[in-house]
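Computed from heavy atoms alone, side chains included, the values below leave out hydrogens, waters and symmetry copies. Please read all numbers here as calculations on a predicted model, not as lab measurements.
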Amino acid sequence: MPAISMVCPTSRSLSEREVQVFSSRVLSRNKRNGACRAIARQAGLSAIGGLFLCSIALPAAMAESPPSLALSGFFLLDTSGEQRDQTAEHNARLARFDGIMRDELSKSGKFALVNMNCPQPGCTAQSVKLDQLLESAKAAGARFLVIGAVEKMSTLVLWARLEVYDVASRQMVFNRLFTFRGDNDEAWQRAAHYIANELIKNAPAN
């Protein structure tokens, strides 16, 4: 059986520089938290569809039904070092990934999705600073902002990072880190469905 990896997200907000690239401090296996690994060994890991995760506790919030949410686009950080240009393929997969996330969140009824106005090339934490994204989410009337990224470490191993911010306080209130196998359409789509469902089930709802 393949080794199972687990990363504990931090409860603090990332700096603008960190959010810009979801640096290897967050996405790389070299910065894993030892306490998290100890908990994983004691409690065991849950694996669904090849995705593994660790979550942080969620704070209570003011009631809102359903809460408004702005969803920024995911972006790719490719650290695989592969020589073949896969830009077109990855852009298409990112577009489908975002579409699946939006569709699943809309169908769930847990959130009221709102659209942000962002400068070109779009609303991602790679192209727009976190403060700007939060301002755009605030202008759109969103209570929460979702940002995310995918890191390709190799053709077989990819990570996906998801963070939710309370727009009013500008604090991160939820984050998760997932790993999935396979840089292909099916693997990306399965990951998008799974991550969207985890967000629906576990992210702040009030």
Practice task
Compare all side-chain heavy atoms of Leu177 with those of Trp159 and state whether any distance is below 4.5 angstrom.
Solution key: yes

Problem - Transitive ILVMFWY side-chain link Phe178 to Met101, under 4.5 Å - result: yes

Exercise for the section: Report yes or no: do Phe111 and Ile100 belong to one cluster of Ile/Leu/Val/Met/Phe/Trp/Tyr joined by side chain heavy-atom distances under 4.5 Å? Expected result: no

Exercise for the section: Report the distance from atom CG of Asn184 to atom CZ of Arg93, rounding to the nearest 0.5 Å. Expected result: 6.5 Å

Problem - Closest heavy-atom pair and its distance - Val167, Leu134 - result: CG1-O, 3.8 Å

Problem - ILVMFWY network linking Leu113 to Phe144, side-chain heavy atoms under 4.5 angstrom - result: yes

Problem - 4.5 Å side-chain heavy-atom contact, Asn197 and Glu104 - result: yes

Practice task
Flag the pair Arg84 / Glu89 as yes when at least one side-chain heavy-atom distance between them is below 4.5 Å, and no otherwise.
Solution key: yes

Handout entry: Salt-bridge contact Lys138-Glu135 (side-chain N to carboxylate O under 4.0 Å)
Key = no

Exercise for the section: Starting from the C-alpha separation in whole Å, work towards a yes-or-no answer on side-chain contact (heavy atoms from CB on, under 4.5 Å) for Tyr194 and Phe180. Expected result: CA-CA 10 Å; Tyr194 184 82; Phe180 63 97; over 6 Å; no

Exercise for the section: Is it possible for you to say whether Ile200 and Leu162 belong to one hydrophobic cluster, with membership spreading through side-chain heavy-atom contacts below 4.5 Å? Expected result: yes

Practice task
Anything under 30° is parallel, anything over 60° is perpendicular, the rest tilted; go ahead and classify Phe97 against Phe74.
Solution key: tilted

Practice task
Identify the heavy atoms of Arg170 and Tyr165 that sit nearest to each other, and give their distance.
Solution key: O-CD2, 4.0 Å

Practice task
To the nearest 0.5 angstrom, please state how far the CD1 atom of Ile147 sits from the CG atom of Leu71.
Solution key: 11.0 Å

Completion exercise
Closest heavy-atom pair, Ala160 versus Ile195, reported as atoms and distance to 0.1 Å, is CB-CD1, 3.5 Å

Exercise for the section: Answer whether the closest heavy-atom distance between the side chains of Val150 and Leu77 falls below 4.5 Å. Expected result: no

Exercise for the section: Not counting sequence neighbours, which residues clear salt bridge (Lys or Arg N to Asp or Glu O under 4.0 Å) with Arg96? List them please. Expected result: Asp185

Handout entry: Min side-chain heavy-atom separation Leu199-Arg176 under 4.5 Å
Key = no

Practice task
Report the residues that fulfil side-chain contact (heavy atoms from CB on, under 4.5 Å) with Lys152, sequence neighbours left out, ordered by chain and then residue number.
Solution key: Leu76, Asp78, Ser80, Glu82, Gln86, His90, Thr155, Leu158, Asp183

Exercise for the section: Report yes if the side chains of Leu145 and Met116 come closer than 4.5 Å at any heavy-atom pair, otherwise no. Expected result: yes

Handout entry: Any side-chain donor near an acceptor of the partner, Ser169 and Asp166, under 3.5 Å
Key = yes

Practice task
Check whether any side-chain heavy atom of Glu151 lies under 4.5 Å from a side-chain heavy atom of Arg161, and answer yes or no.
Solution key: no

Exercise for the section: Locate the shortest heavy-atom distance separating Ser108 from Leu105; write the atom from each residue and the value. Expected result: OG-O, 2.7 Å

Practice task
Report the distance from atom OG of Ser136 to atom CG of Asn115, rounding to the nearest 0.5 Å.
Solution key: 12.0 Å

Handout entry: Residues, nucleotides or ligands: over 12 heavy atoms within 6.0 Å of Lys110 NZ
Key = yes

Handout entry: Smallest separation among heavy atoms of Ser72 and Gly148, with atom names
Key = OG-N, 4.2 Å

Problem - Contact summary for Gly182 and Ala187, nearest pair of heavy atoms - result: O-CB, 2.9 Å

Exercise for the section: For the residue pair Leu133 and Cys123, establish whether any side-chain heavy-atom pair is separated by less than 4.5 Å. Expected result: yes

Exercise for the section: Calculate, to the nearest 0.5 Å, the distance between atoms CZ and CE belonging to Phe174 and Met172 respectively. Expected result: 10.5 Å

